[in-house]
Each structure stands twice: as C-alpha cells, then as structure tokens.
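Have a look at the structure below before the remarks.
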Amino acid sequence: MTEDYLARIGNLIRDARKHRGWTQQQLADELATSQSAVNRIERGHQNLSLEMIARIGEALDSPIVSIGQGPTHLRVTGPTTLHGAIEVKTSKNAGVALLCASLLNRGRTTLRRVARIEEVNRLLEVLDSIGVKSRWLNEGNDLEITPPPNLDLSGIDATAARRTRSIIMFLGPLLHRISEFELPYAGGCDLGTRTVEPHMTALRPFGLQVKATEGNYHASVQPGISPTRPIVLIERGDTVTENALMAAALSDTTTTIRNASSNYMVQDLCFFLQKLGVEIQGIGTTTLVVTGCTEISRDVDYAPSEDPIEAMSLLAAAIVTDSEITVKRVPIEFMEIELAVLEEMGFRYRLSEEYLAANQRTRLVDVTTQHSLLRSPIDKIHPMPFPGLNIDNLPFFAVIAATAQGQTMLHDWVYENRAIYLTELNKLGGRVTLMDPHRVMIEGPTRWSGAEVVCPPALRPAVVILLAMLASKGTSVLRSTYVIHRGYEGLADRLNELGAQIETFRDL
C-alpha cells in the first residue's frame, strides 16, 4: 500500500514538473538534490516527508502535489457520437480584457455572463489583492467589480499574477493612476518567448517606462506626457492593441492607433469603453481614433459577446466524431474564414438567420453540423490577423485534418513551439509529422485508439487532444488538465450533456 501511494505521489510530481516545462535536472537544482533522486521520487522509489512534498510544491509553484488536492485528470471512453444542442459561452479573452479595463473606472462595473474559468479566477485574486472588490451576483455568472478610492499594489498577489499572461494588460490602465509600480512577470500558456517590447512601443508615448528586473516589471510614469503623433503598433497583437486603447481611454488628448487589431476581444473592449464615455472611431478596422476622458467614474453594465474559439472547439468536436449537433450563439463575423476553409474540405452544415448578442453589436448564428466526408485542402492552412483565420483556431484544424482524406499542412508561424504539441496526437493513432517548429504535416484519415497522454501546457493543443479522445476507441486518460480549466468553463460536463463519456478524477 505504501509503495502504491508513493507511486501515485511520484506521478503527481512528474505531471507537475512536465506542466511547468522542467526537466528532472531543473527540478533537482531547485531542490538542491540530484537528478537521480528526482527520478526515484517520480518512480515512487523514494520515501517522502511532508516537508519535502511542500518544498516540491513550492518549487513547482503549484498546489498539485498537496495530499488530496492533486491535479484533475479526465478519463474518456469512446468512440463517441454527440447529439443535441449547446450554447457558446462568452469570450474568455474579452472577459479578461474587461476585468483589466475595470481599473479605468472609479465607479461600479457589472459584467454579464462572464466565463467562470481559472484565468478569470487568477485575475480576480490579483484585483482583490490590490483592493478591488468583486462578487458573483448569481448563477448566470454576472460579476460586479467595485474599486477602492486608491489602488494599493504593495500587496499584489504575485503567485496569481504569474499564472496569467493577462497581467501585462494592467500597464495601460495603471499608468494614469499610479506614478510608479511593480508587476510580476506574466505567465500563462507555454508558447515560447513572447516579447513585451510591442507593449512598450505602444505605451511609451504616454510616458511609461518599464525596466525588467528579477521577477518583476518596474514601471514609472513621467507625468504630462501624451502622444504627439499616431501610435504605430509594431505587431497587430490583440493585447498590445488593448493596452494602447486603455492608455488612450484616460488620456486628455485624441490618440490615433495604427496597425491595431480588430479582433473580437478588441471590439468588445471598444464597446465597453464607449459605455464609459470614451469616444472611439474605426471599430473593426486597423485604425482607431480614441478621445479619452481625464476621469471615468460611472456605474456601467456590459455583456461581452460569445467566444469564437469555443465555437470552433465545439464544431471540431462534432467533426471529429462525425456528429450532428447544433452550436448556438456563434459569433459569425469571427468564424467566416474558418467555415469557408471547412467547406472547401467538404464540411456540410446549416446556418440560422443572424441575431444580435446581448451587447447589441455582435452578430450571432446557430450552426447545425451534418454528416461530412472531409478531404484535405489544396493549400496549407495558416492563421492571419482578423479578418483572417484566427490564430487560436489553427490547432483545431490538426484534429480535423486527421479525420480528412489526404495530407494537410498547418503553418503556425506566430508561436515558436506550439505546433510541437500537436504531435501528441500520434499517441492516439494520429500521423502528424513535425516539419520544423512552426509546421506540421498531417496524414488522414485516422483510426483513433485510446491512450494516456499528459496534457500539453498550451491551452488549444490540450483541447485538441481531448477532442481526439472523443473519437478514440477504448479508454483514454488526459492527465493534469488545469490548462483546459484556465480557458474553458465546465467543458467536460458540457460535452457529457451532448453524449460524451468523460469522467473527472484525481490520483489521491
């Protein structure tokens, strides 16, 4: 029995280490021990004191080695045929942007149907630690945010901050409220090195200077500085555009932002800022003209629109299992390219008439999937800034291509190493060849078979593995699924409502 528990604890530690992206040697260095000792621990061949377990948990910055609070895993029984209807939830990326933007407002902000996910939970922990009060109003996930008269960053929750990349979007709102402050380094998905320099280029015209030191960004703001010419973003990034927008919202001049992202979460932020009294021209284009307010203090109520990435996830679930379901409340403006590519591959579906989201701006449809025989596309599939194929939707085409007849190349040119995680499909019977860190070749169709896979540390590839497991014969296990909970609310339970057989469990 002791050996069994040691082995299970060893599995938890191994999964936590892999989730962090560390080698056994890196963990050994943190613990001031040897690689061979870590190897024995992970194999269950080493007695462990509670003190050592606590040290390992601290080293991995994770509670998942706490007894009785290990990581959640998913056990999937397949193959699955889905049926019925499911509603798309509101946008994760819009939700986190609006939480950051609530720092602009000295009044009360109410956000409707907020995605109740781990990324949101981490941001709420950070907001609470600097004095912002928040409370969930009802089971519909309406969220009320009330700021203090003055923010106090001295006690910021660094652990929560480092578990989300969204923390970098505090720079834009805070630069008008605090002349000098520190933010912990941003974390989140493991997608390779992503420079913060584009954010600095966007925010320097407002007087912000940032120095990176051990574990923190040190920000200082020179007062009285406003942009004297248009801000040209050096990359058309979503969070970069959002930071520039939030900085411009409290500027006393008119700011022009060129090469701006016009993606769904940016549009939602623009609609929210307009409710706060900020004037914005050019929404949906790459040039935004923002006339800010020197102070914002009003009670505001806003409903972010639905998430096109979740919509794509659900469509992919239907395609890989060859199921006929209805996906409701799909933001069609941000899915048209994806549907066009799928149609070229032989995907058959029906669209409802369009209707408006709760924000009264975003166009929605219901998509009903139909039995389809897919073939590989003629050209490679690659993402582009909106209105191109969404960068976050590209991984779903890996599992879709694996069901299609022929060879499909995916070119994930944005991230340094996300494509690598798609080769995990091979453990389930896929034939995915890594051409280089950015390109994979996928051969289909695939005869999926169950296997045990450790969850990739990147959100979308992790969900791709789960979707493949729905179509796999037998039982599959997806271990350490925190990253999925970071971006999706109750995904396993919602898929079960469509007929999937997914069980959540822990080792201890």
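Residues: numbered from 1 along the sequence shown.
Side chains of S305 and D268: a donor on one and an acceptor on the other come within 3.5 Å. Side chains of E343 and Y349: a donor on one and an acceptor on the other come within 3.5 Å. A donor-acceptor contact closer than 3.5 angstrom links the side chains of Y488 and S313. Side-chain contact annotation: R236 with N259, donor-acceptor N/O pair under 3.5 Å present. Checking Y355 against D366 by side-chain atom types alone, a donor-acceptor pair falls below 3.5 Å. Between the side chains of T81 and T321, no donor-acceptor pair of N or O atoms lies under 3.5 Å. Side-chain N/O atoms of Q407 and S376 include no donor and acceptor closer than 3.5 Å.
The two residues A357 and R329 come nearest to each other via the heavy atoms CA-NH2, 4.2 Å. In plain terms, the two heavy atoms of A318 and T369 that are nearest each other are CB-OG1, 3.7 Å. The two atoms that bring C455 and A462 nearest to each other are SG-CB, 3.4 Å, heavy atoms only. Across all non-hydrogen atoms, the minimal contact from P184 to I167 is O-CG2, 4.0 Å. E424 approaches V454 most closely through the heavy-atom pair OE1-O, 4.1 Å. Nearest heavy-atom pair across T287 and R258 is CG2-NH1, 3.6 Å.
The backbone N or O of I325 sits nowhere less than 3.5 Å from a side-chain atom of H83 that would complete a donor-acceptor pair. For R17 (side chain) and W22 (main-chain N/O), a donor-acceptor pair under 3.5 Å exists by modelled atom type. W413 places a side-chain N or O within donor-acceptor distance of the main-chain N or O of P383, the cut-off being under 3.5 Å. At least one donor-acceptor pair closer than 3.5 Å links the side chain of T90 to the backbone N or O of R113. The backbone N or O of L82 lies less than 3.5 Å from a partner atom in the side chain of S323, making a donor-acceptor pair. Remark: side-chain polar atoms of H73 are paired, donor with acceptor, to backbone N or O of S480 under 3.5 angstrom. Panel note: side chain R431, backbone M441; no donor-acceptor pair is recorded below 3.5 Å. With hydrogens and angles ignored, the 3.5 Å screen pairs no side-chain donor or acceptor of N359 with any backbone N or O of P304. The closest donor-acceptor contact from the side chain of Q267 to the backbone of Y264 lies at 3.5 Å or more, if one exists at all. N263 places no side-chain N or O within donor-acceptor distance of the main-chain N or O of V266, the cut-off being under 3.5 Å.
The line from CD of Q501 to CG of N496 is 8.0 Å long, rounded to the nearest 0.5 Å. In this structure, CG in L389 is found 9.0 Å from CE in M335, a value given to the nearest 0.5 Å. Distance check, rounded to the nearest 0.5 Å: CG of L111 to CG of L98 gives 5.5 Å. H382 NE2 to I391 CD1: the interatomic distance, rounded to the nearest 0.5 Å, is 11.0 Å. A distance of 5.5 Å separates CG of N393 from CE of M312, quoted to the nearest 0.5 Å. The structure places CG of L467 at 9.5 Å from CH2 of W448, a figure rounded to the nearest 0.5 Å.
In this structure, the side chains of F170 and L123 come closer than 4.5 Å at one or more pairs of heavy atoms. Two residues are said to be in side-chain contact when any heavy atoms from C-beta on lie closer than 4.5 Å; C270 and L245 meet this criterion. Residues R486 and L459 form a side-chain contact, since some pair of their non-hydrogen atoms from C-beta on lies under 4.5 Å apart. When side chains are defined from C-beta on, L339 counts as touching I332, because their heavy atoms get closer than 4.5 Å. Between E338 and L315, the closest side-chain pair of non-hydrogen atoms is not below 4.5 Å. Residues D322 and H371 form a side-chain contact, since some pair of their non-hydrogen atoms from C-beta on lies under 4.5 Å apart. Looking at P377 and T408, their side chains come closer than 4.5 Å, going by heavy atoms from C-beta outward. Side-chain contact between L99 and L143 is present, with heavy atoms from C-beta onward closer than 4.5 Å.
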Worked check of side-chain hydrogen bond (donor to acceptor under 3.5 Å, both in side chains) between S262 and T285: CA-CA 6 Å; S262 50; T285 76; over 6 Å; no

Do L495 and T80 pass the side-chain contact (heavy atoms from CB on, under 4.5 Å) test, and can you show the C-alpha distance, the side-chain angles, and the key distance before you say yes or no? CA-CA 10 Å; L495 289 171; T80 300; over 6 Å; no

R494 vs E497, salt bridge (charged side-chain N to carboxylate O under 4.0 Å, His left out): CA-CA, chis, key distance, verdict: CA-CA 5 Å; R494 295 166 66 216; E497 291 175 3; over 6 Å; no

Could you walk me through whether F206 and T255 satisfy the side-chain contact (heavy atoms from CB on, under 4.5 Å) test, starting with their C-alpha distance in whole Å, then the side-chain angles of each, then the deciding distance to 0.1 Å, before giving a yes or no? CA-CA 10 Å; F206 297 96; T255 304; 4.0 Å; yes

Applying side-chain contact (heavy atoms from CB on, under 4.5 Å) to M246 and V278, what does each step give before you reach the verdict? CA-CA 10 Å; M246 290 186 282; V278 179; over 6 Å; no

Give the C-alpha distance, both sets of side-chain angles, the deciding distance and a yes or no for side-chain contact (heavy atoms from CB on, under 4.5 Å) between D412 and L422. CA-CA 11 Å; D412 192 352; L422 298 175; 5.8 Å; no

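At most 12 heavy atoms of other shown residues, nucleotides or ligands fall within 6.0 angstrom of atom CD in E139. Counting heavy-atom neighbours within 6.0 Å of K473 NZ, excluding the residue itself, gives a total of 12 or less.
Of the listed residues (R479, K427, R75), just one forms a salt bridge (charged side-chain N to carboxylate O under 4.0 Å, His left out) with E452, and that residue is R479. Applying side chain to side chain contact (heavy atoms under 4.5 Å, CB included) to F505 and the options V477, T72, L74 leaves one that passes, V477.
With respect to the salt-bridge test (charged N to carboxylate O, under 4.0 angstrom), the residues E310 and K89 do not qualify. Under the 4.0 Å criterion applied to side-chain N and carboxylate O atoms, E119 and R122 are not assigned as salt-bridge partners.
Note: F334 and F386 have tilted aromatic rings, judged against thresholds of 30 and 60 degrees for the angle between ring planes.
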